[in-house]
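Quantities reported herein were computed from a predicted structural model and do not represent experimental measurements. Ligands are counted one by one from 1 in listed order, and the atoms in each one are counted from 1 as well. Side-chain atoms are counted along with the backbone in the values below, which use heavy atoms only and exclude waters and symmetry mates.
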Amino acid sequence: MKVILLGTGGPRPDPRRAATTTLIRVGDDNVLFDAGRGVVVQMAKASIPLDRVNPVLLTHHHFDHIGDLYDVMLNSWMPAYRVRHGDGLGFPPAFLQRWMCYGYRFEAEGKVVAISGDTVDCEGLSQLAHGADLLVHCCYMASAEIEDEQFRRVVQHTLAGGDTVGKIAARAGAKILALTHHRPRRDQHYLQILAEEVARDFAGRVIVGEDLTEIEV
Ligand SMILES: [Zn+2]
């Protein structure tokens with residue numbers, strides 16, 4: 001089983017990263033998680049034939065995760081675990097019912113790959129990540145990058161940051177932790193700061209995801 005981080009960026013256009021999209025290869029089978037900006041181009045770069053992708057699973061309906069879905073054949077859609085994504089921001093319940101987000105637990109060849117979706121620490125995440133050989137987790141920014149109240153609310157309620165992702169992986173007993181869904185950065189040295197912050201809480205292998213990173217599981 002191989003996991004390819006096809007895109008590791010977020011909703012804002014980033015010249016270094018396509019939007020967050022992850023692919024799992026098992027033999028000749030390919031399962032695509034999300035279909036963000038640039039997904040088809042990234043699959044071509046990774047030599048993934050489009051007609052060998054089945055199914056496509058969506059974590060949620062934000063445009064950075066479905067923006068290029070039209071470009072991919074949508075074969076199926078099914079939830080796994082519901083995760084928290086913006087639930088604490090004070091939106092009315094009717095709005096939150098439409099703003100749902102899922103993470104996925106993928107089991108094959110005796111191995112487990114967990115994909116967080118866009119979330120913060122929550123029960124659904126604990127269930128899907130338990131004992132994972134690889135946890136692909138959104139990690140928007142290091143604590144040192146939190147410049148204002150808006151960013152603080154993002155990492156508290158919407159996209160986990162460097163202060164919590166390592167704790168989540170350690171509690172789940174994950175073996176490898178791959179960080180995806182990065183903010184656009186002019187200063188790339190924050191990636192090292194982010195990795196060091198996460199490693200304070202997680203003793204396993206930490207991979208700071210880049211577009212087209214491949215991980216053997
Ligand atoms: Zn997102």
Undergrad: Is it the case that atom CG in D148 sees more than 12 heavy atoms from other parts of the structure closer than 6.0 Å?
TA: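 Yes, the 6.0 Å shell around CG holds more than 12 heavy atoms from other groups.
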Undergrad: Flag this pair as yes if the NZ/CZ of R183 is under 6.0 angstrom from the six-membered ring centre of Y190 and inside a 45 degree cone about the axis; otherwise no.
TA: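 Pair R183/Y190 does not count as cation-pi.
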Undergrad: To 10 degrees, how wide is the angle OD2 (D118) to the Zn ion (ligand 1) to OD2 (D64)?
TA: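 For OD2 of D118 and OD2 of D64, the angle centred on the Zn ion (ligand 1) reads 170°.
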Undergrad: Below 2.8 Å, can you find an N, O or S atom of H65 next to the Zn ion (ligand 1)?
TA: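 For H65, the answer is yes, given that an N, O or S atom comes within less than 2.8 Å of the Zn ion (ligand 1).
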Undergrad: Quick one: does T22's side chain have a donor or acceptor within less than 3.5 Å of a partner on F33's backbone?
TA: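 No.
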Undergrad: Of all the atoms in H181, is at least one N, O or S atom closer to the Zn ion (ligand 1) than 2.8 Å?
TA: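 Within the cut-off used here (under 2.8 Å), H181 does place an N, O or S atom near the Zn ion (ligand 1).
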Undergrad: Between D68 and R37, is there a side-chain N and carboxylate O pair less than 4.0 Å apart?
TA: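 No, this pair does not count.
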